[in-house]
Amino acid sequence: MRAKKVTVFPEPALFNPLTFDAEICNGCNMCIDVCQVDILYPSPEEGKPPVVLYPGECWYGGCCVAICPRPGAIELRVPLANRVHWKLKNLKQDTKTG
Amino acid sequence: MKDQEIREMEWPYPIRWGKEKTVNVDVLILGGGIAGCWAAIAAAKNGRKVALVEKGATIRSGAGGSGCDHWESAASNPCSRITPEELIQAMIRDNFGYNNGVSHYIECREGYDRLLDLEKMGGKVRDIEDEFVGAEFRDEDTKFLFAYDYVNRFTLRVWGTTFKPALFKECKRLGVDICDRTMATRLLTEGGKQGTRVVGAVCVHGHTGEFIVFKAKATVLCMSRPTRVWLFSPGLPGISEFRPPQCTGDGHAMGWEAGVEFTMMEKSVKGEWSGPRSFPPYGTGNTHNTWYACSMVDVNGREIPWIDRDGNILKSVSDRYRPAPGQKFFLKGGGESEFPNYETRGPDILPVDELLERGYKLPFYADLPSMPELERKAIWGLMVGQEGKTKIPILGAYTKAGFDPNKDLLQSYGDGWKSGAFLPQERQLFGLPGGMVNDWELRTNLEGLYAAGDQLFASNCHGHAAATGYYAGRHASRYALEASSPEIKSSQVEAEKKRILSLIDRDFGMGWQELNAGITRIMQNYCGEVKSEELLTIGLKLLKDIAKEEASELRARNPHELVRCLEVLNIMTNAEIILHSCLARRASSKHLHFKRQDFPDIDPPEWHKFVTVRHKNGDVVVGERALDYYGSLEDNYLAHNQDYLQRE
Ligand SMILES: Cc1cc2nc3c(=O)[nH]c(=O)nc-3n(C[C@H](O)[C@H](O)[C@H](O)COP(=O)(O)OP(=O)(O)OC[C@H]3O[C@@H](n4cnc5c(N)ncnc54)[C@H](O)[C@@H]3O)c2cc1C
Ligand code: SF4
Ligand code: SF4
């Protein structure tokens, strides 16, 4: 039935769109407030990086990264299968992935 | 860095299931993307009391929230060499008449006014830092930068990452009541009946589950268009489609229930974008849109030729930005239209098949290093950087990984800018898809109900959303000034609350992902590339079956899941609108990408018209309108907008 108390279990992500550096992040939660898909939630522990509750729903637009006031605290990871390749124009050299 | 350590946590927001609050406004805007913000600004400037309901976070929400690099069709800017009338006629002809003459004429006429407004709000629309002095695409007096057709100058290059926060700030300044994290779920109608005046909406909060009932004299729908009808990725649902995942076409579904008239909903195209299948948008080497007109080479460094509309090889990079000999102007270039009209067809590279025949070797690459310096800087740094979803995931990430636009070749995959291959039954609403029918006030067929942006039929683009949003907001507020006070039928509110609460009252049931995947399978099977009476009828029956059986087991465990479940129920309604529309057009059509096996004649003259559908007491009413139902564009525009022309 309709529960007053709701508990959630962050499940292991099939794809992990974001990584946080807990040393740099101060838990200001600005990234949470800007996320239009609402995949991020405040950590139960004050001052800690947000919880990525719904990683699969990320749109990969990076507005969370753009608004973060502490460079390096949050990083967007494009899924491996979607990364592209490039190579130096003037060299016969191995392709790089980014 | 460590993996998330949290294993179980309490829902971080207060839970308010079943609680309700009522808000009274003059003008209610549903959807806080580009069109919604502009509608709110127009209505608030006219002195109305305005609420803006946004499912996400208005500051960056919507398809245009993260950026915009090109502002199309600003034909009234002082550098344009063509008139709004010339441009709109070309846009209509380019689509064989299947276009929204009203809304795109508004875009051509007023889009530039909105750019100037944006500048006053703090958005960046000109090269004030003089980074591009001397570029062929720069006007030295105004410092505007142009894209595509450098001679005729009607599409501007802009710094669109600055736009959404500026709009958000302006809404706040004007006293708009911004309701973020709030999903509109149902339109309220006079007497609770279908087809009557719209008097407000029921909404639910995505953090608390609380109901918010809005009473409004006028309502403007700005919730974009349907997605995830054919395409769904269970692993990466957030990038199942090009547009943001919470843009599921809720406005279409709500409109259908209320009795709104739709057209062109039979049009769908083979998938062009979908996250798991294609590469990050604008993140691969290509020649289109944001990357127009980048040089390309094959794997051995052989340069790929560019041609004009007559197949003549273009000698210089600069030629790619000019009309062909004898051509007045071109629309976009880079093969963006599948059936380009010779009259306005732009330059492009040779088709891939022909390149392969001529011995060009895959893979191909974008050759930024060989582009003239200012062109390279315009593509990599301005366009890639300001375009939606590029600043962090492309410009930022590639630069960090070592990509150097002066030295590196960026690989291209598959067919042009789509950078992903799809099966014919993997379809989506893209380009100029169907939507709500509008009149000259951007009103729908229902009194008190207006629509703007991608909610309208045959709509797309940022400038179009801005111009139509402002226009709809203006006309809605004029109506609200004289309209009587709205009466809400409480039984309609109660029925909606009951529908929503049933989703959380289940102890066991199906998750929204499974239902979404089930709907897309039905649509791929019965509404794929080739359609027929039999297939479509089976599709409708199966949809009805799952609506009755499986959908009644849909279950949400918290307010976030509740929003996702309600979206999928809307997707089911949108699938139904599409199937009915496909049944209603009993002829195939090239420009509508519409193949009926049982009516194989392509575009017979008697079907060269808009077919419309609407819902009435459980039945579907099919109608039609002439392709030029909107009459003379200029005369009608002038007749309906004297106040704007005199005041602003
Ligand atoms: C990555 C990307 C780049 C683009 N770049 C360009 C460009 O450079 N130039 C250009 O002209 N066009 C561009 N476009 C297209 C352009 O952004 C869109 O056409 C435009 O944003 C449409 O505006 P809109 O207001 O109709 O929809 P949106 O801006 O998408 O807004 C719809 C809003 O409605 C909200 N919403 C949905 N359902 C509900 C509900 N039930 N209740 C409350 N709120 C709801 C959504 O959260 C969203 O904020 C781009 C699109 C994308 C995806
Ligand atoms: S990339 Fe976008 S959708 Fe993903 S978490 Fe950041 S803001 Fe949210
Ligand atoms: S990642 Fe950045 S924005 Fe998010 S909580 Fe940490 S410091 Fe704040």
Side-chain angles (χ1 to χ4, degrees), chain A residues 1-10 12-17 19-23 33-39 41-45 49 51-67 75-79 81-90 95-98, chain B residues 1-2 4 6-12 15 17-18 55-57 59-62 65-66 161 181 206 235-239 244-246 275-276 278-280 283-284 301 365 367 369-370 388-389 391-393 396-398 401-403 407-411 413 501 504-505 507 557-558 560 563:
Chain A
M1 274 315 274
R2 203 178 305 165
K4 277 251 161 3
K5 196 170 145 193
V6 173
T7 310
V8 280
F9 303 87
L14 290 180
F15 295 90
N16 204 348
T19 52
F20 293 93
D21 188 330
E23 303 284 302
D33 293 338
V34 83
C35 176
Q36 62 176 311
V37 198
D38 208 17
I39 76 166
Y41 287 76
S43 169
E45 280 180 72
V51 179
V52 190
L53 203 50
Y54 297 102
E57 296 169 27
C58 182
W59 190 47
Y60 293 89
C63 292
C64 48
V65 178
I67 204 167
E75 204 175 325
L76 185 67
R77 291 179 66 256
V78 171
N82 297 40
R83 296 192 198 161
V84 302
H85 309 93
W86 61 78
K87 61 173 193 177
L88 270 177
K89 180 173 165 75
N90 295 319
T95 327
K96 287 190 211 158
T97 306
Chain B
M1 237 162 285
K2 285 189 276 176
Q4 279 185 175
I6 314 281
R7 294 283 168 261
E8 178 184 353
M9 62 185 237
E10 233 175 84
W11 186 250
I15 289 288
W17 297 133
K55 201 197 274 176
I59 188 166
R60 286 287 181 196
S61 261
S66 65
T161 59
R181 309 288 178 206
L236 289 161
I239 46 171
Q246 86 282 5
S278 60
F279 291 89
T284 63
Y365 293 85
D367 185 359
S370 77
K389 291 184 80 170
K391 189 172 180 176
I392 302 295
Y398 293 16
F403 177 76
K407 294 186 183 143
D408 288 318
L409 300 173
L410 185 62
Q411 194 178 319
Y413 306 80
L501 289 174
I504 54 164
D505 282 344
D507 294 330
R557 292 171 298 185
N558 60 52
H560 179 94
V563 167

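In what follows, chains carry the letters A, B, and so on, assigned in the order in which the sequence lines appear, proteins first and then strands, with residues in each chain numbered from 1. The structure presented is a predicted model; accordingly, all values stated were derived computationally and were not measured. Basis for what follows: all heavy atoms, side chains included, without hydrogens, waters or symmetry-related copies.
- For Pro79(A) against Leu236(B), the heavy-atom pair with the smallest separation is CG-CD1, 4.1 Å.
- Of the atoms belonging to Cys58(A), it is backbone heavy atoms, and not side-chain ones, that fall under 4.5 Å from chain B.
- Contact detail for Gly56(A) and Pro237(B): the closest heavy-atom pair is O-CD, 3.2 Å.
- Here the straight-line distance linking atom NE2 of His85(A) with atom CG of Leu409(B) works out to 14.5 Å at 0.5 Å rounding.
- Looking at Phe279(B) and Val78(A), their side chains never come closer than 4.5 Å, going by heavy atoms from C-beta outward.
- Residues Val34(A) and Arg60(B) are in side-chain contact: their nearest non-hydrogen atoms beyond the backbone lie under 4.5 Å apart.
- The closest side-chain heavy-atom distance from Trp86(A) to Tyr365(B) is not below 4.5 Å.
- The two atoms that bring Asn82(A) and Ser278(B) nearest to each other are ND2-O, 3.2 Å, heavy atoms only.
- Contact record, Leu53(A) with Trp11(B): CD2-CZ3, 4.1 Å, taken as the closest heavy-atom pair.
- The candidate with the highest count of non-hydrogen atom pairs below 4.5 Å against chain A, out of Gly388(B), Gly235(B), Ser66(B), is Gly235(B).
- Among the candidates Gly238(B), Pro393(B), Gly206(B), the residue making the largest number of heavy-atom pairs closer than 4.5 Å to chain A is Gly238(B).
- When all heavy atoms of Tyr41(A) and Pro12(B) are compared, the pair lying nearest together is CD2-CG, 3.7 Å.
- Between Trp59(A) and Gln246(B), the closest side-chain pair of non-hydrogen atoms is not below 4.5 Å.
- When Ile39(A), Leu14(A), Val65(A) are compared by the number of non-hydrogen pairs under 4.5 Å with chain B, Val65(A) comes out ahead.
- Gly62(A) and Ile392(B) make their closest contact through O-CG1, 3.4 Å (heavy atoms, listed as atom of the first residue, atom of the second, distance).
- Residues Phe9(A) and Met9(B) form no side-chain contact, since every pair of their non-hydrogen atoms from C-beta on lies 4.5 Å or further apart.
- Counted within 6.0 Å of CZ on Arg557(B), heavy atoms from surrounding residues, nucleotides or ligands total 12 or fewer; the atom is thus considered open.
- Put simply, CD1 on Ile59(B) and CD1 on Ile67(A) are 5.0 Å apart, with the number rounded to the nearest 0.5 Å.
- For the pair Asp367(B) and Lys89(A), the minimum side-chain heavy-atom distance is below 4.5 Å.
- When each of Gly18(B), Gly62(B), Gly56(B), Ser370(B) is scored by its heavy-atom pairs under 4.5 Å with chain A, the top score falls to Gly62(B).
- Both the backbone and the side chain of Pro244(B) come within contact range of chain A, each with at least one heavy atom under 4.5 Å from a heavy atom of that chain.
- At a threshold of 4.0 Å, the pair Arg181(B)-Asp38(A) counts as salt-bridged, since one of the basic side-chain nitrogens sits closer than that to a carboxylate oxygen.
- Within the 4.5 Å cutoff, the side chain of Ile239(B) has heavy atoms near those of the Tyr60(A) side chain.
- Side-chain contact between Tyr54(A) and His560(B): present, with at least one pair of heavy atoms (C-beta onward) separated by less than 4.5 Å.
- Heavy atoms closer than 4.5 Å to chain A are found in both the backbone and the side chain of Lys407(B).
- Contacts of Ala66(A) with chain B are made by both backbone and side-chain atoms, with heavy-atom separations under 4.5 Å.
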